[in-house]
Amino acid sequence: LKVINCCVWDPSGEIFELKAELNSDKKEKKKEAVKKVIASMTVGKDVSALFPDVVNCMQTDNLELKKLVYLYLMNYAKSQPDMAIMAVNTFVKDCEDPNPLIRALAVRTMGCIRVDKITEYLCEPLRKCLKDEDPYVRKTAAVCVAKLHDINAQLVEDQGFLDTLKDLISDSNPMVVANAVAALSEIAESHPNSNLLDLNPQTINKLLTALNECTEWGQIFILDCLANYMPRDDRESQSICERVTPRLSHANSAVVLSAVKVLMKFMEMLPKDLDYYGTLLKKLAPPLVTLLSAEPELQYVALRNINLIVQKRPEILKHEMKVFFVKYNDPIYVKLEKLDIMIRLASQANIAQVLAELKEYATEVDVDFVRKAVRAIGRCAIKVEQSAERCVSTLLDLIQTKVNYVVQEAIVVIKDIFRKYPNKYESVIATLCENLDSLDEPEARAAMIWIVGEYAERIDNADELLESFLEGFHDESTQVQLQLLTAIVKLFLKKPTETQELVQQVLSLATQDSDNPDLRDRGYIYWRLLSTDPVAAKEVVLAEKPLISEETDLIEPTLLEELICHIGTLASVYHKPPSAFVEGSRVHLRIPHTRVSTRPHPHSPLKCCPAPHSALGPAIVQVSTRKVPVILLGSRLWTLSITSAMPASLGGAPAVGGGLGDLFDLGGGVGMPTGSYVAPKTAWLLAMKAKGLEISGTFARRGGIIQMDLSLTNKAMSVMTDFAIQFNRNSFGLAPAGPMQVLTPLSPNQTIDVSLPLSMSGPVMKMEPLNNLQVAVKNNIDVFYFSCQYPLSLLFVEDGKMDRQVFLATWKDIPNDNEAQFQIKDIHLNSDVASNKLQGSNIFTIAKRTVEGQDMLYQSVKLTNGIWVLAEMRIQTGNPNYTLSIKCRAPEVCQFVYQCYELVLKN
């Protein structure tokens with residue numbers, strides 16, 4: 001018991017002793033006592049009872065003792081806020097101490113004490129320190145503003161500290177500049193709509209000057225800030241690149257990656273035929289290669305960033321393949337990243353070298369790595385067509401090793417090679433079939449079953465092979481069961497007389513004996529197809545498959561652009577945007593892909609007004625990916641009557657002559673289309689709401705290019721410059737195709753007309769209403785927001801005339817629930833004139849027929865995102881009201897298509 005007791009801390013006894021020592025008259029004894037207190041605090045002991053005694057020790061000239069006391073205060077001030085106020089007078093006094101180190105220490109500590117009661121006392125000392133004569137104090141005070149803003153943002157704004165912080169960007173000391181930029185960036189993160197870092201050429205010049213002289217972390221802050229700047233033209237972009245390039249040789253890898261980020265962004269502005277562009281590409285390779293000589297953890301971060309860079313600009317590292325060859329002592333996470341980059345850099349020039357390496361890797365002891373290496377060989381075959389034969393030969397060599405997991409991976413990748421190069425390498429099937437019994441992994445079994453089913457006509461005993469899998473059907477994984485069902489149906493369609501019993505057996509197992517809804521549904525679909533129409537079944541199941549793409553794992557271009565803006569951060573390691581793992585993360589403005597020369601341009605990122613999130617947002621994208629159905633029923637379709645092929649509304653109308661020739665008789669003579677209708681400009685932003693800037697506009701589609709026609713009027717007393725525009729996410733991904741070209745300043749009472757080309761490459765989110773567009777316009781005065789609505793006809797493309805046969809099949813295929821009927825009133829046009837007007841807006845007439853004095857126009861429209869809209873318009877002679885029936889797989893668009901019809905026909 002004595003032994004145990006002596007090991008237990010007796011708080012009352014030790015605290016009493018420390019209290020006595022803290023109140024000692026001897027300075028050294030005091031200092032030792034405070035050290036003991038800090039030591040106890042560090043190991044988790046509660047020494048808060050000594051708060052008043054430690055605070056009394058603040059009254060000293062000894063810098064070391066003062067630091068220790070301030071450390072204690074920072075730790076316990078939150079739990080003892082009333083006691084912490086006792087220290088305020090000493091803080092204020094220390095902020096005026098002749099020693100700059102003590103002044104800086106006082107203001108730093110006050111910023112770290114997150115107690116509301118203390119913050120109001122901090123304002124006056126902080127204001128003095130921000131204008132202190134010593135740069136060390138100023139740089140400390142700059143960071144303190146960001147800390148204070150985090151505690152009480154309103155107080156910082158009211159006290160004018162943000163303006164003082166902006167002034168520090170022009171400070172003569174580079175470290176002060178760096179800390180001011182860091183503080184403003186930190187504050188801007190939490191207030192994305194505030195234009196704190198108002199970057200212009202003068203400010204950028206000051207930052208670039210400071211870049212050469214500040215510490216490495218200061219350089220990172222400045223480089224990150226530069227990455228958010230939008231150069232005015234290619235000359236300014238080149239100038240910035242030239243001054244940032246020396247940072248590539250810095251010893252700190254974070255500085256190197258920040259410099260790479262800036263250069264990658266600004267290269268977008270440089271013309272590719274410029275000599276400097278080629279020089280810059282050559283300069284980017286060595287620093288990236290150097291990063292790979294660091295320790296494994298840094299290598300991994302560098303490799304994840306290089307992976308993004310290679311996807312964006314593979315030419316940077318195309319001659320550096322050897323540095324990505326795997327070393328025997330690399331950790332597995334480094335090996336896998338290197339392997340991925342090797343595939344991305346593989347080309348006809350280096351494929352022999354790459355394949356030799358990959359074959360070597362396939363004999364390693366690390367199973368995961370070997371699997372990846374075998375898959376990589378397959379990816380090489382798919383990417384570099386000239387190497388496919390060599391890759392297949394390499395895979396066959398690996399299969400001969402009879403190493404189980406190597407064989408299984410090889411079969412999986414050979415299946416992909418068959419998909420990429422059909423009817424080219426089928427001679428290897430016999431070798432694959434020899435290894436059938438050794439396959440025990442679901443993916444490998446499924447791949448082998450696919451091969452047997454796909455090439456059943458070339459395999460004599462295909463039915464026996466598939467039957468062997470069928471014996472343990474219920475023990476197989478879902479992936480294998482689904483593949484087996486499809487393969488046997490394929491076999492039956494190719495050899496119907498020999499395999500009828502086998503197909504009955506698998507259909508019975510899939511539909512009657514299975515609980516899996518996916519398997520059951522597929523089984524029923526096959527069963528009904530085979531029982532009702534074997535010809536249709538053949539066209540569905542044995543349809544020609546699209547070739548698989550070369551790079552299925554490439555990051556989507558919009559996301560890649562965003563990740564390039566975050567090189568050197570966690571986003572570039574996760575390969576996810578910051579919003580995916582950080583709340584309230586900031587959106588970086590991307591450099592547009594168009595090159596501009598000597599044009600006014602925004603100097604800071606715009607933030608569009610936020611839109612309410614819609615759970616239905618992805619619906620538009622999902623619908624757009626559906627392809628127009630092919631005619632599955634072959635010649636049987638043509639025996640269908642008009643009634644079954646056309647909408648329900650046509651049910652009672654007999655076909656004139658009863659044949660397709662009559663249905664698609666365009667003898668009425670549809671003439672040449674007129675030009676597309678452009679609505680007059682309307683006011684979108686009123687001067688009273690935009691500090692004197694008035695914007696009116698309209699939309700037009702000219703020669704296949706969507707344009708936003710704007711009139712900018714200055715009703716203020718001052719000149720307006722530096723115009724920029726940005727759109728929020730919207731239903732169809734509308735975005736400016738380039739900067740808004742306001743080439744001259746907008747003087748008071750002056751109006752300038754601007755035509756802004758639009759692209760469909762922006763982010764997509766379903767809006768309410770569907771055609772709503774939220775816009776942000778920036779000038780030298782402020783950022784202004786407004787909403788407008790565009791006619792859907794803007795998105796009607798020029799190749800929207802559907803084939804007549806496909807029209808019939810598609811109308812029938814779209815559910816009747818998706819059909820909407822509208823009345824277009826007071827139209828006094830005959831069917832030919834109406835067809836002409838509509839064709840001018842890319843609404844194409846597929847067919848026209850006349851039944852009992854009523855003209856019927858069958859029309860198609862294709863939207864920019866691939867959605868097809870089918871329509872039937874009935875025009876009765878002498879009746880000014882048209883009946884319009886619209887069918888679409890995305891029924892949300894029907895109402896807006898009707899509005900387009902009405903707009904075009906009435907104007």
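A quick note: this is a predicted structure, and the numbers were derived from the prediction, not measured.
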Closest contact, heavy atoms only, Ser731 versus Val764: O-CG1, 3.4 Å
Donor-acceptor pair between Arg243 and Asn205 side chains, under 3.5 angstrom: yes
Side chains of Arg247 and Asn252, donor plus acceptor under 3.5 Å: no
Short side-chain to backbone donor-acceptor contact, Asp150 and Lys147, under 3.5 Å: no
OH (Tyr333) with more than 12 external heavy atoms under 6.0 Å: yes
Worked verdict on Val145 versus Leu148 for side chain to side chain contact (heavy atoms under 4.5 Å, CB included): CA-CA 5 Å; Val145 173; Leu148 183 59; 5.7 Å; no
Polar side-chain atom of Asn730 near backbone of Asn728 as donor-acceptor pair, under 3.5 Å: yes
Between Asn307 and Arg344: side-chain donor-acceptor atoms closer than 3.5 Å: yes
Evaluation steps, salt bridge (Lys or Arg N to Asp or Glu O under 4.0 Å), between Arg371 and Glu441: CA-CA 13 Å; Arg371 287 178 181 276; Glu441 293 172 11; 2.4 Å; yes
Phe221 atom CZ, neighbour heavy-atom count above 12 within 6.0 Å: no
N/O donor-acceptor pair under 3.5 Å between His566 side chain and Pro578 backbone: no
Face-on cation placement of Lys335 at Phe369 ring, 6.0 Å and 45° thresholds: yes
Any donor-acceptor N or O pair under 3.5 Å, side chains Gln238, Glu242: yes
Contact summary for Gln219 and Cys214, nearest pair of heavy atoms: NE2-O, 3.2 Å
Sidechain-backbone polar pair: Thr203 side chain, Leu199 backbone, donor-acceptor under 3.5 Å: no
For Leu223 against Val255, the heavy-atom pair lying closest together: CD1-O, 3.8 Å
Audit row: Ser185, Asp224, side chain to side chain contact (heavy atoms under 4.5 Å, CB included) steps and yes/no: CA-CA 9 Å; Ser185 300; Asp224 287 348; over 6 Å; no
Gln311 side chain vs Ile555 backbone, donor-acceptor pair below 3.5 Å: yes
Residue Glu216 excluded, over 12 heavy atoms near CD under 6.0 Å: yes
Glu315 atom CD, over 12 foreign heavy atoms within 6.0 Å: yes
More than 12 heavy atoms from other groups under 6.0 Å of CG on Asp275: no
Glu186 atom CD, neighbour heavy-atom count above 12 within 6.0 Å: no
Closest approach of Leu165 to Ala180 (non-hydrogen atoms, all atoms of both residues): O-CB, 3.8 Å
Greater than 12 external heavy atoms within 6.0 Å of Glu360's CD: no
Salt bridge (Lys or Arg N to Asp or Glu O under 4.0 Å) between Glu357 and Lys338, intermediate numbers included: CA-CA 12 Å; Glu357 276 291 307; Lys338 283 185 173 180; over 6 Å; no
N/O donor-acceptor pair under 3.5 Å between Gln774 side chain and Tyr785 backbone: no
Distance-only polar pair, side chains of Glu556 and Thr558, donor-acceptor under 3.5 Å: yes
Which atom pairs, one a donor and one an acceptor, fall under 3.5 Å between side chains of residues 283-301 and the rest of the protein, sequence neighbours left out?
unit_1	atom_1	unit_2	atom_2	d
Thr290	OG1	Pro286	O	2.8
Ser293	OG	Thr290	O	2.6
Gln299	NE2	Ala294	O	3.0

Exam field: side chain Lys265 to backbone Cys565, donor-acceptor pair closer than 3.5 Å: no
Side chain to side chain contact (heavy atoms under 4.5 Å, CB included) between Val262 and Tyr229, worked out: CA-CA 9 Å; Val262 174; Tyr229 176 63; over 6 Å; no
Criterion side chain to side chain contact (heavy atoms under 4.5 Å, CB included) on Met267 and Leu281, from CA distance to verdict: CA-CA 9 Å; Met267 279 173 76; Leu281 283 178; 3.2 Å; yes
Short side-chain to backbone donor-acceptor contact, Asp330 and Val334, under 3.5 Å: no
Minimal non-hydrogen separation, Leu758 against Pro736, with atom names: CD2-CA, 4.0 Å
Set of residues satisfying side chain to side chain contact (heavy atoms under 4.5 Å, CB included) with respect to Thr140, sequence neighbours excluded: Ala104, Val107, Arg108, Tyr136
Side chain Glu409, main chain Tyr405, donor-acceptor under 3.5 Å: no
Short side-chain to backbone donor-acceptor contact, Asn865 and Phe732, under 3.5 Å: no
Where Ala373 and Tyr361 come nearest, the two heavy atoms and their spacing: CB-CB, 3.7 Å
Atom CZ of Arg313 with >12 non-hydrogen neighbours under 6.0 angstrom: yes
